[in-house]
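Below is one structure, written out as C-alpha cells; comments come after it.
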Amino acid sequence: MTARRWTQVFTEKKLNRIALLGAFSMFLSTIEYLFPRPIPFMRLGLANLPVILSLEILSGPSYFLLVLLKVLGQALVNGTLASYVFLFSAAGSFASALVMWLCYKGLKKRISFLGISVMGALTSNMAQILLSITFIFGASAWRILPLFLGIGLVSGVFIGIFAQRFSDKSQWWKMMREEADR
Amino acid sequence: MKLRFFDILALIFSLAVFLGFTAFGRSLNQDDGYVIIEDSQSQYLYPLSIDQMVTLHGPVGDSVVEIKDGEAHFHSSDCADGLCVQMAPIRRGGDWAACLPNQVFIYIGGFDDGKEVDAGVY
C-alpha cells in the first residue's frame, strides 16, 4: 500500500479522534491500575470503554489502530510491555475487539453495547486463558477460568451499561457521531 | 436504555459458559491435592497425584521426600535423629511434616476434601 493510500485511510481528523480515544484508554488504564489484581493479566476492562464506544464513530482500520494504542498504553501503564503478559493482553484485546466489531456490524440494532461488552469480555478472557493453558500454567489454569469469566461477566455488564447510557445521553458524543458521518 | 434481543442472548451465553466451566473446574478439583515443600532457599509445589521422589539439599545434607499414592513423607534425611522420617505420611489439607535440622518443611495445601470426618463423636 502506498503512502498516499494510507493518508486517505487515516486522515488528520481521524487520527485526532483515534489519538483522543487512545488517550482516554490510557487514562482509564491508570485508574484501573489502582484496583488490586490477584493475577497479572486480570483486569476490570475500564480501558475498553473508549474502544467499545469507538465502534460508533470509527471505521475498521481506525478501530483496530485504536485497539493497538489501547494495548500499548495499558502495557506502558502496567509496566508489562516487555513481558509475556503483554502478548497475552494483546491477543485477548484483539480477539475481543474482533468479536465486538463483528457483533456491532453484524447485529446492528439488535444488540446494544451491553451485549457487545459482555461478548468482548468473554472472548478476551477465553483467549488469555487458552494461551496460558497452552504456554505457561498447563491444565491447572482451567481452575482459575471460572473466576476470570465471572469477574469478566460482571464488569462487562457494568461497562456495557455505562457505554450505552453514555452513548444515549452525552451531547459531546452525539457531536462526535454526527461529525463522523460527514 | 432497553435490552435488545442479542443482549439477552449474549448474557445467557456468557452465563452458560461461566457455569459450564465452573462445573468443569469442580470436577477437576476433586481428588487433586498438592504438597508444598519449603527448604532453606525456596518453596516448591508438587501434585500429589504423580508419584515421585524429591531430593532437597539443606545445611546438614540431603532430605528425600517421597510422594506416593496421594501421600507425601520423608523417605530419608541426613539429619542426626531422623525424626522427620518417623513422622506419619501427610495427605489431607493442613497436614504437615518437617525436618528441622535440614530446614525442610512440607505441608499439604489448597484443598479441603470434606470426604472424611476428623473425629467421631458418639
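Please read these numbers as outputs of a predicted model, since none were measured by experiment. Just so it is clear, the values below take in all heavy atoms, side chains as well, and ignore hydrogens, waters and symmetry mates. Throughout, a chain's letter reflects where its sequence line sits, starting with A, and its residues are numbered from 1.
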same_hphob_cluster(A:Leu28, A:Val154) at 4.5 Å side-chain heavy-atom cutoff: no
With clusters defined by side-chain heavy atoms of hydrophobic residues (ILVMFWY) lying less than 4.5 Å apart, directly or transitively, does B:Leu45 cluster with B:Phe105? yes
Would you name the heavy atoms of A:Met126 and B:Val17 that are closest together and state the gap between them? SD-CG1, 4.4 Å
Any residues in residues 70-79 of chain B near chain A, with a heavy-atom distance under 4.5 Å, and which are they? none
Greatest number of heavy atom pairs closer than 4.5 Å to chain B - which of A:Ile111, A:Leu145, A:Leu107, A:Leu153: A:Ile111
Taking atom CZ of B:Phe13 as the centre, report whether more than 12 heavy atoms of other residues, nucleotides or ligands fall under 6.0 Å from it. no
Any idea which heavy atoms bring B:Phe18 and A:Pro146 closest together, and the distance? CE1-O, 3.0 Å
Less than 4.5 Å to any heavy atom of chain B: does that hold for the side chain of A:Leu122, its backbone, both, or neither? side chain
Does CZ belonging to A:Phe94 count more than 12 external heavy atoms closer than 6.0 Å? yes
Can you get from A:Met100 to B:Phe5 by hopping between Ile, Leu, Val, Met, Phe, Trp and Tyr side chains that sit under 4.5 Å apart? yes
A quick test of your reading: do over 12 heavy atoms of other residues, nucleotides or ligands sit less than 6.0 Å from CZ of A:Phe27? no
Please say whether more than 12 non-hydrogen atoms of neighbouring residues, nucleotides or ligands are located less than 6.0 Å from CD in B:Gln43. yes
Count I, L, V, M, F, W, Y as connected when their side-chain heavy atoms are under 4.5 Å apart, and connections chain through other members. Are A:Met26 and A:Ile31 then in the same cluster? yes
Are the side chain of B:Asp7 and the backbone N or O of A:Leu114 linked by a donor-acceptor pair below 3.5 Å? no
Mind listing the closest non-hydrogen atom pair of A:Val118 and B:Ser14 along with its distance? CG1-OG, 2.9 Å
For B:Leu19, is it the side chain, the backbone, both or neither that has a heavy atom under 4.5 Å from a heavy atom of chain A? neither
Just so I know, are the side chains of B:Phe6 and A:Met119 near enough to count as touching, which here means a heavy-atom distance under 4.5 Å? no
Could you give the distance from NZ (A:Lys108) to CZ (B:Arg4), rounded to the nearest 0.5 Å? 12.5 Å
Quick one: do A:Leu53 and A:Trp172 end up in the same hydrophobic cluster if we chain Ile, Leu, Val, Met, Phe, Trp and Tyr together by side-chain heavy atoms under 4.5 Å apart? yes
